[in-house]
Every structure is written in C-alpha cells, then in structure tokens.
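Everything numeric here is computed off the predicted structure, so don't read it as measured data.
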Amino acid sequence: VQLQAFGGGFVQTGGSLRLSCAASGGTFSSYHMGWFRQAPGKEREFAAASWSAGRTYFADSVKGRFTISRDNAKNTVYLEMNSLKPEDTAVYYCAATRHIPTIVADLYDYWGQGTQVTVSS
C-alpha cells in the first residue's frame with residue numbers, strides 16, 4: 001500500500017486545514033487508518049484514527065477540534081482540523097494497518113511521506 005498525504009500549510013491560530021491521504025495498491029476499506037504527528041524535537045504522537053468498521057478515535061489533545069473521515073470509494077482518509085493552535089504545529093503523517101485498530105505507531109505497516117502544518121500565534 002502506498003500512501004500520499006497532502007493539504008498541509010501555514011495557518012493562523014484559530015484557523016482550519018484539511019489534510020488528505022490517498023491510498024493505492026490495497027483494499028482500502030479493510031485498513032485501519034491513522035493520523036500521527038511529529039513536532040520538532042518531539043516523538044511522533046497519535047492524533048486520530050478511523051477504524052475499518054467505521055469507529056473513530058482521537059487523542060485528547062485534538063478531541064473536539066479535529067474530525068477524521070474516510071471515503072472508501074476514493075481510497076482517501078481526511079483529517080479536518082479546526083481551532084488550530086500553535087502546539088498543533090508538526091509534520092502530519094497518515095498510516096495504515098490491517099491488523100488491529102490501534103493508536104500505537106509501531107503497529108502501523110504503511111506510512112505516507114508527511115505534510116507540514118504550521119500554526120502561527
């Protein structure tokens with residue numbers, strides 16, 4: 001499975017961005033999809049996930065501000081980010097796994113290249 005994330009950019013505090021992650025080479029509907037992020041000098045952390053059965057899960061830090069959705073017909077997962085804060089600044093990665101629904105990065109098999117999100121104060 002190949003993943004390509006895009007949609008990052010520069011936004012002011014309180015703004016919004018929508019990230020997209022397009023998948024190819026696999027049966028997208030069977031994959032659990034996750035979004036992770038990594039800020040400079042910090043470890044990669046979980047942000048949001050969309051399990052194949054339709055359930056979603058969010059990190060506490062983004063809950064209520066971020067929404068994750070998927071379009072299985074387009075093989076794409078989206079991350080809608082609202083009320084952005086400077087601490088949301090990071091490289092955002094999408095990832096896929098067929099094993100179990102998880103928020104653990106090491107359990108994801110496939111990763112996109114990352115897209116930079118910068119939120120100014």
Side-chain angles (χ1 to χ4, degrees):
V1 175
Q2 293 79 45
L3 303 174
Q4 185 173 7
F6 51 95
F10 185 92
V11 65
Q12 293 185 334
T13 296
S16 299
L17 281 174
R18 187 196 197 201
L19 306 183
S20 300
C21 175
S24 61
T27 306
F28 180 76
S29 60
S30 68
Y31 283 87
H32 310 298
M33 302 299 297
W35 284 98
F36 293 79
R37 63 187 185 181
Q38 187 167 18
K42 295 187 177 182
E43 293 187 356
R44 189 172 299 188
E45 65 174 12
F46 168 78
S50 171
W51 311 143
S52 62
R55 182 181 173 186
T56 59
Y57 192 82
F58 299 91
D60 288 343
S61 58
V62 308
K63 197 172 296 182
R65 300 186 298 120
F66 289 14
T67 302
I68 187 171
S69 61
R70 64 193 295 163
D71 185 336
N72 289 334
K74 295 183 178 180
N75 291 350
T76 301
V77 61
Y78 305 96
L79 185 67
E80 186 78 35
M81 305 184 294
N82 299 310
S83 303
L84 283 163
K85 307 174 182 179
E87 50 264 44
D88 295 318
T89 295
V91 177
Y92 283 71
Y93 300 89
C94 62
T97 180
R98 291 185 62 183
H99 301 302
I100 58 172
T102 179
I103 65 171
V104 178
D106 287 346
L107 297 181
Y108 280 79
D109 303 306
Y110 308 99
W111 291 84
Q113 82 286 5
T115 183
Q116 176 71 47
V117 171
T118 303
V119 184
S120 67
S121 58

Under a single-linkage definition using a 4.5 Å side-chain heavy-atom cutoff for Ile, Leu, Val, Met, Phe, Trp and Tyr, are V77 and W51 assigned to the same hydrophobic cluster? no
What residue pairs, at least two apart or across chains, pass ring pair (Phe, Tyr, Trp, His ring centres under 6.0 Å) with a residue in residues 87-109? F36-Y108
Rounded to the nearest 0.5 angstrom, the NE2-CZ distance for H32 and R55 is 11.5 Å
Examine distances only and state if a side-chain atom of T67 and a backbone atom of E80 form a donor-acceptor pair shorter than 3.5 Å. no
Do the side chain of R44 and the main chain of A105 share a donor and acceptor less than 3.5 angstrom apart? no
Is there a donor-acceptor pair closer than 3.5 Å between any side-chain N or O of Q113 and the backbone N or O of A5? yes
Heavy atoms only: give me the nearest T13-S121 pair and the separation to one decimal. OG1-CA, 3.4 Å
Nearest 0.5 Å please: distance from the CG atom of N75 over to the SG atom of C21. 10.5 Å
How many angstroms lie between atom CZ of F28 and atom CG of N72, to the nearest 0.5 angstrom? 5.5 Å
Same cluster (ILVMFWY, side-chain, under 4.5 Å), V91 and F46: yes
I would like to know whether D88 and R37 meet side chain to side chain contact (heavy atoms under 4.5 Å, CB included); could you show each step before the answer? CA-CA 9 Å; D88 295 318; R37 63 187 185 181; 2.9 Å; yes
When you look at CD of Q12, are more than 12 heavy atoms from neighbouring residues, nucleotides or ligands closer to it than 6.0 Å? no
Which heavy atom in Y57 sits nearest to a heavy atom in I103, and how many Å separate them? CD2-CG2, 3.6 Å
Going by heavy atoms in the side chains, are M81 and L19 under 4.5 Å from each other? yes
Quick one: which residue pairs count as a ring pair (Phe, Tyr, Trp, His ring centres under 6.0 Å) with a foot in residues 58-91, not counting sequence neighbours? none
Test of understanding: clusters of I, L, V, M, F, W, Y form through side-chain heavy atoms closer than 4.5 Å, transitively. Do V62 and V11 belong to the same one? yes
Counting only heavy atoms from other residues, nucleotides and ligands, does the tally under 6.0 Å from NZ of K42 exceed 12? no
Would you name the heavy atoms of G25 and Q2 that are closest together and state the gap between them? CA-OE1, 4.1 Å
Shortest non-hydrogen pair, L17 vs G7, comes out as CD2-O, 4.0 Å
I68 vs T56, test: side chain to side chain contact (heavy atoms under 4.5 Å, CB included). Steps then yes/no. CA-CA 7 Å; I68 187 171; T56 59; 3.5 Å; yes
Any donor-acceptor pair under 3.5 Å linking the side chain of R98 with the backbone of D109? no
Between T89 and V119, is there a donor-acceptor pair closer than 3.5 Å when you use the side chain of the first and the backbone of the second? yes
Exercise: identify the closest heavy-atom pair between A90 and A39: CB-N, 3.8 Å
Output the distance between atom CZ (R18) and atom CZ (F6), rounded to the nearest 0.5 Å. 9.0 Å
If every non-hydrogen atom of A96 is compared with every non-hydrogen atom of Y31, which pair is closest and at what distance? CB-CD2, 3.8 Å
